[in-house]
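Worksheet: the structure to be examined is printed underneath.
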Amino acid sequence: MIHSRIAGTGSHLPEKVLTNFDLEKMVDTSDEWIRTRTGIERRHVAADGETTVDLAEFAARRALDAAGLAPGDVDFIAFGTTTPDLVFPNCGVLLQARLGCRNVPAFSVETACAGFMYALSIADKYVRCGEAKRALVVGAETLSRITDWSDRSTAVLFADGAGAVVLEPGSEPGVLSTHLHADGHYKDLLYCGGGVSRGFGPKLTINMSGNEVFKVAVTKLGQAVDEALAANGLDRSALDWLVPHQANIRIIQATARKLDMPMERVVVTVQEHGNTSAASVPLALDVAVRDGRIKRGDLLLLEAFGGGFTWGSALVRY
Ligand code: COA
């Protein structure tokens with residue numbers, strides 16, 4: 001039986017940094033408020049002209065290097081983003097053109113902050129059924145382009161970045177399970193108010209009912225982690241690491257409490273880059289792999305939640 005395993009990880013953040021103190025000069029907020037309510041201390045913002053695919057290319061090349069593969073070896077690209085460079089071609093195809101792996105499937109999924117989880121789940125299925133052997137899974141965003149920098153309720157939260165993993169076939173499981181969910185009933189709580197068919201309007205920016213998003217996120221992520229463990233017949237004590245969506249430290253802490261996990265076993269990077277949506281889980285994973293916390297053989301629970309709402313989990317033997 002074929003399984004998929006993570007052969008390499010990579011990430012990239014744009015050079016420009018905006019600290020909470022910088023934001024104090026832009027909107028009526030304070031470093032103290034942002035840190036205590038969200039855990040965020042700084043975020044990275046793309047330079048003028050720097051695009052989602054630019055960030056993704058760095059992350060993808062790092063993941064391929066870590067896997068010992070050349071860009072031309074990739075035979076499948078799944079790309080999660082809600083901030084694409086173009087309406088079409090999709091970001092997967094634009095990345096493929098740069099990597100030079102011609103003729104292989106390349107697509108993007110726009111499931112907001114759960115974009116990487118959806119892309120990972122699809123790629124895992126293709127590797128497991130033998131149709132892909134070196135699948136590149138990317139989450140990348142330039143949310144700064146759809147952030148209203150005069151709205152303090154969202155400007156302090158969202159930012160830019162990219163993360164990637166390479167999946168390869170293995171004889172032992174790797175990705176043990178993925179679970180995906182969506183509930184469009186909640187579409188008005190977190191959305192970007194414009195698009196091609198509706199028109200872009202004067203302001204193409206993120207709108208969010210923060211308090212309500214918070215409550216649903218905590219509930220759904222709690223159910224998602226239970227679901228992942230139950231599907232694998234595992235107790236929460238079996239987990240080595242929680243690698244959560246990096247949106248808000250209080251949501252992360254709530255999920256850790258649900259799992260009875262000490263925060264030392266939770267990968268937290270939100271302070272460094274804010275909410276980078278589809279990029280946040282692969283970014284956090286790459287940081288913890290590269291700094292030596294996550295080791296081969298560790299059992300990881302990945303989860304993310306985002307606009308739609310969309311959410312999902314992956315249980316992974318690294
Ligand atoms: N600086 C200072 N004050 C701010 C502020 C900011 N950046 N943003 C909001 N406030 C104010 C509000 O206006 C409100 O003031 P009021 O009491 O005078 O009306 C007060 O702070 C409390 O606002 P509230 O929205 O209740 O705060 P909160 O504790 O819920 O925290 C969030 C706000 C956005 C941090 C929190 O709701 C959250 O993280 N939600 C989830 C967001 C998220 O993760 N979204 C992405 C999911 S993928």
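All ligand and atom numbering here is 1-based and tracks the order in the structure. Predicted, not measured: the structure shown is a model, and the values here were computed from it.
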Item to check | Nearest-contact summary for atom 48 (S) of ligand 1 - protein heavy atom, Å | outcome: F305 O, 3.0 Å

Next on the checklist: Between D286 (side chain only) and S11 (backbone N and O only), is there a donor and an acceptor less than 3.5 Å apart?
Outcome noted: yes

Next on the checklist: Counting non-hydrogen protein atoms only, what is the nearest one to atom 45 (N) of ligand 1? Give residue, atom name and distance.
Outcome noted: M208 SD, 3.3 Å

Checklist entry - Does any N/O atom on N275 come nearer than 3.5 Å to any N/O atom on ligand 1? => result no

Checklist entry - Are side-chain heavy atoms of L285 and L300 found at a separation under 4.5 Å? => result yes

Checklist entry - Do any N/O atoms on N248 end up under 3.5 angstrom from N/O atoms on ligand 1? => result yes

Item to check | N/O separation below 3.5 Å, V213 to ligand 1 | outcome: no

Checklist entry - Between V156 and ligand 1, which residue portion shows a heavy-atom distance shorter than 4.0 Å: side chain, backbone, both, or neither? => result side chain

Checklist entry - Between T147 (side chain) and W149 (backbone), is there a donor-acceptor pair under 3.5 Å? => result no

Checklist entry - Identify the closest protein heavy atom to atom 27 (O) of ligand 1: which residue and atom is it, and at what distance? => result R37 NH1, 3.2 Å

Item to check | For T178 against A314, the heavy-atom pair lying closest together | outcome: CG2-CB, 4.0 Å

Item to check | Test log, rule side-chain contact (heavy atoms from CB on, under 4.5 Å), inputs L167 and I6 | outcome: CA-CA 5 Å; L167 292 184; I6 295 180; 3.8 Å; yes

Checklist entry - Tell me: protein heavy atom nearest atom 41 (C) of ligand 1, and distance? => result G210 O, 3.5 Å

Checklist entry - Has ligand 1 got any nitrogen or oxygen that is less than 3.5 angstrom from a nitrogen or oxygen of S30? => result no

Next on the checklist: Within the 4.0 Å heavy-atom shell around I251, which atoms of ligand 1 are there?
Outcome noted: 44 (O)

Next on the checklist: Checking a contact table here: which protein heavy atom is nearest atom 13 (O) of ligand 1, and how many Å away?
Outcome noted: R152 NH2, 2.9 Å

Item to check | Which residue and heavy atom of the protein sit nearest atom 25 (O) of ligand 1, plus the separation | outcome: N211 ND2, 3.8 Å

Checklist entry - Of all residues at least two apart in sequence or in a different chain, which pass the salt bridge (Lys or Arg N to Asp or Glu O under 4.0 Å) check with R62? => result none

Checklist entry - Does atom CZ of F214 have more than 12 heavy-atom neighbours from other groups under 6.0 Å away? => result yes

Checklist entry - Is a donor on one side and an acceptor on the other found under 3.5 Å between the side chain of R5 and the backbone of G170? => result no

Checklist entry - In the protein, what heavy atom is nearest to atom 44 (O) of ligand 1, and what distance, to one decimal place, separates them? => result A247 CB, 3.5 Å

Checklist outcome for this item: Checking N275, D148, L190, T82 against I206 for side chain to side chain contact (heavy atoms under 4.5 Å, CB included), the one that qualifies is L190

Checklist entry - Do you see a donor-acceptor pair shorter than 3.5 Å between the side chains of S177 and N232? => result yes

Checklist entry - How about atom 20 (C) of ligand 1: does it have a protein heavy atom within less than 4.0 Å? => result no

Checklist outcome for this item: Note: I34, heavy atoms under 4.0 Å from ligand 1, region reported as neither

Checklist entry - Taking the minimum heavy-atom distance to atom 33 (C) of ligand 1, which of W311, W33, F214 ranks first? => result W33

Next on the checklist: By the definition side-chain hydrogen bond (donor to acceptor under 3.5 Å, both in side chains), identify the one residue from T52, T81, T276 that meets it with E141.
Outcome noted: T81

Checklist outcome for this item: In this structure, atom 35 (C) of ligand 1 is nearest to the protein heavy atom T38 CG2, 3.7 Å

Next on the checklist: Which of the numbered atoms in ligand 1 are under 4.0 angstrom from any heavy atom belonging to H245?
Outcome noted: 48 (S)

Checklist entry - Counting heavy atoms not belonging to F58, are there more than 12 under 6.0 Å from its CZ? => result no

Next on the checklist: List ligand 1 atoms under 4.0 Å from C113, heavy atoms only on the residue side.
Outcome noted: 48 (S)

Item to check | Heavy-atom protein contact below 4.0 Å for atom 37 (O) of ligand 1 | outcome: yes

